[in-house]
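Data block below; observations after.
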Amino acid sequence: MLKNAQDNDYGAISYADLTAFKYLVYANGVCAAYSLFSAFYVAVPRSTTLSRSWTLFFFDQVLTYAILAAGTMSAEIMYLAYKGDVKVTWSKECSVYGSFCKRATTSVGITFASVACYVLLSLVSSYRLFSAYETPIPFISSKGLEIASFPH
């Protein structure tokens with residue numbers, strides 16, 4: 001997506017012209033950097049602590065939702081580019097900028113593949129966190145029903 005641009009008789013278009021595509025590029029870049037950092041962080045042998053597990057869980061969740069939002073916004077733009085919307089006078093731009101749309105669609109597809117990987121990563125980190133540590137708050141009431149209770 002970073003190099004996606006097209007110039008023809010009708011004008012020029014670049015990924016930078018659309019905010020959703022810029023967000024897609026930034027979100028993918030941040031997620032790629034986090035993935036490299038996380039891989040090195042996890043690969044270093046040290047004891048697993050509660051704070052380390054929570055940190056990985058937190059960032060896995062945040063970046064999963066960030067990349068999902070980027071892919072969803074970009075998919076919406078691609079839908080409008082292919083189909084148009086008569087009510088708001090959006091024309092079908094992919095009939096004019098076909099190669100731009102094909103590259104953008106490929107980029108959005110790759111983004112959703114990375115979303116699937118981040119969902120799996122989030123599941124693994126949540127499993128590792130919640131299976132390794134006990135709950136910090138007691139959950140038993142006087143009637144034997146399981147409810148959350150907070151100390152007074």
Side-chain angles (χ1 to χ4, degrees), residues 1-137 139 146 148:
M1 181 66 82
L2 191 59
K3 294 186 177 217
N4 193 8
Q6 184 178 354
D7 189 14
N8 62 21
D9 295 338
Y10 297 103
I13 190 168
S14 170
Y15 87 94
D17 296 334
L18 299 162
T19 305
F21 289 165
K22 285 196 288 189
Y23 177 63
L24 180 76
V25 168
Y26 296 144
N28 276 317
V30 168
C31 286
Y34 170 74
S35 294
L36 289 174
F37 173 76
S38 177
F40 288 120
Y41 185 73
V42 171
V44 174
R46 60 177 101 127
S47 64
T48 303
T49 63
L50 182 62
S51 63
R52 182 178 181 198
S53 296
W54 270 107
T55 301
L56 288 172
F57 173 74
F58 173 77
F59 283 112
D60 288 348
Q61 296 298 312
V62 167
L63 292 175
T64 298
Y65 289 117
I67 196 75
L68 178 63
T72 303
M73 287 189 317
S74 297
E76 179 184 13
I77 294 298
M78 292 311 306
Y79 177 82
L80 290 172
Y82 276 106
K83 302 289 184 180
D85 191 347
V86 177
K87 293 179 184 176
V88 292
T89 64
W90 277 50
S91 60
K92 299 176 183 179
E93 294 300 322
C94 285
S95 61
V96 177
Y97 299 103
S99 64
F100 176 84
C101 287
K102 287 177 186 174
R103 287 189 297 266
T105 301
T106 302
S107 180
V108 171
I110 292 169
T111 297
F112 279 112
S114 68
V115 167
C117 292
Y118 266 91
V119 167
L120 289 173
L121 179 66
S122 293
L123 290 172
V124 168
S125 68
S126 64
Y127 175 77
R128 290 181 72 193
L129 173 66
F130 295 118
S131 67
Y133 299 101
E134 296 292 324
T135 56
I137 301 170
F139 283 94
E146 292 187 13

task: Dump the intermediate steps for side-chain contact (heavy atoms from CB on, under 4.5 Å) on Leu63 and Val30, then the final yes or no.
output: CA-CA 8 Å; Leu63 292 175; Val30 168; 3.9 Å; yes

Between [atom1] on residue [X] and [atom2] on residue [Y], distance to nearest 0.5 Å:
X	Y	atom1	atom2	value
Leu68	Phe112	CG	CZ	6.5 Å
Phe100	Asn4	CZ	CG	4.5 Å
Ser107	Phe21	OG	CZ	8.0 Å
Asp60	Leu120	CG	CG	11.5 Å
Ser14	Lys3	OG	NZ	12.0 Å
Leu2	Asn28	CG	CG	10.5 Å

Where is the tightest heavy-atom contact between [X] and [Y], given as atom of each residue plus distance?
X	Y	value
Ala12	Asp7	CB-OD1, 3.7 Å
Met1	Leu24	CE-CD2, 3.7 Å
Ile13	Asp17	CA-OD2, 3.4 Å
Tyr118	Ser35	OH-OG, 2.6 Å
Gly71	Val108	O-CG1, 4.0 Å
Ser126	Phe57	CB-CE1, 3.3 Å

Review item, side-chain donor-acceptor pairs of residues 73-84, under 3.5 Å, at least two apart:
{"residue": "Ser74", "atom": "OG", "partner": "Ala20", "partner atom": "O", "Å": "3.4"}
{"residue": "Ser74", "atom": "OG", "partner": "Ala70", "partner atom": "O", "Å": "3.0"}
{"residue": "Tyr82", "atom": "OH", "partner": "Thr105", "partner atom": "OG1", "Å": "3.2"}

- Query: Counting distance only, does the side-chain N/O of Ser114 pair as donor-acceptor with the main-chain N or O of Thr111 below 3.5 Å?
  - Reply: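 A pair under 3.5 Å: yes.
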
Candidate list Phe40, Tyr41, Tyr34, test ring pair (Phe, Tyr, Trp, His ring centres under 6.0 Å), partner Phe37, passing option:
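Of the listed residues Phe40, Tyr41, Tyr34, the ring pair (Phe, Tyr, Trp, His ring centres under 6.0 Å) partner of Phe37 is Tyr41.
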
Hey, would you say the Tyr10 and Tyr97 ring centroids sit under 6.0 Å apart?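 So the answer is no for these two rings.
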
For this session: Return the set of residues passing side chain to side chain contact (heavy atoms under 4.5 Å, CB included) with Ser99 (not counting sequence neighbours), or none when no residue passes.
Result: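 For Ser99 the side chain to side chain contact (heavy atoms under 4.5 Å, CB included) partners, ignoring immediate neighbours, are Gln6, Arg103.
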
Are any non-hydrogen side-chain atoms of Val96 and Asn8 less than 4.5 angstrom apart?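 Yes - at least one pair of side-chain heavy atoms lies under 4.5 Å apart.
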
- Message: Does any part of the side chain of Ser38, heavy atoms only, come nearer than 4.5 Å to the side chain of Phe59, both counted from C-beta?
- Response: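 A side-chain contact is absent here, since even the closest heavy-atom pair is not under 4.5 Å.
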
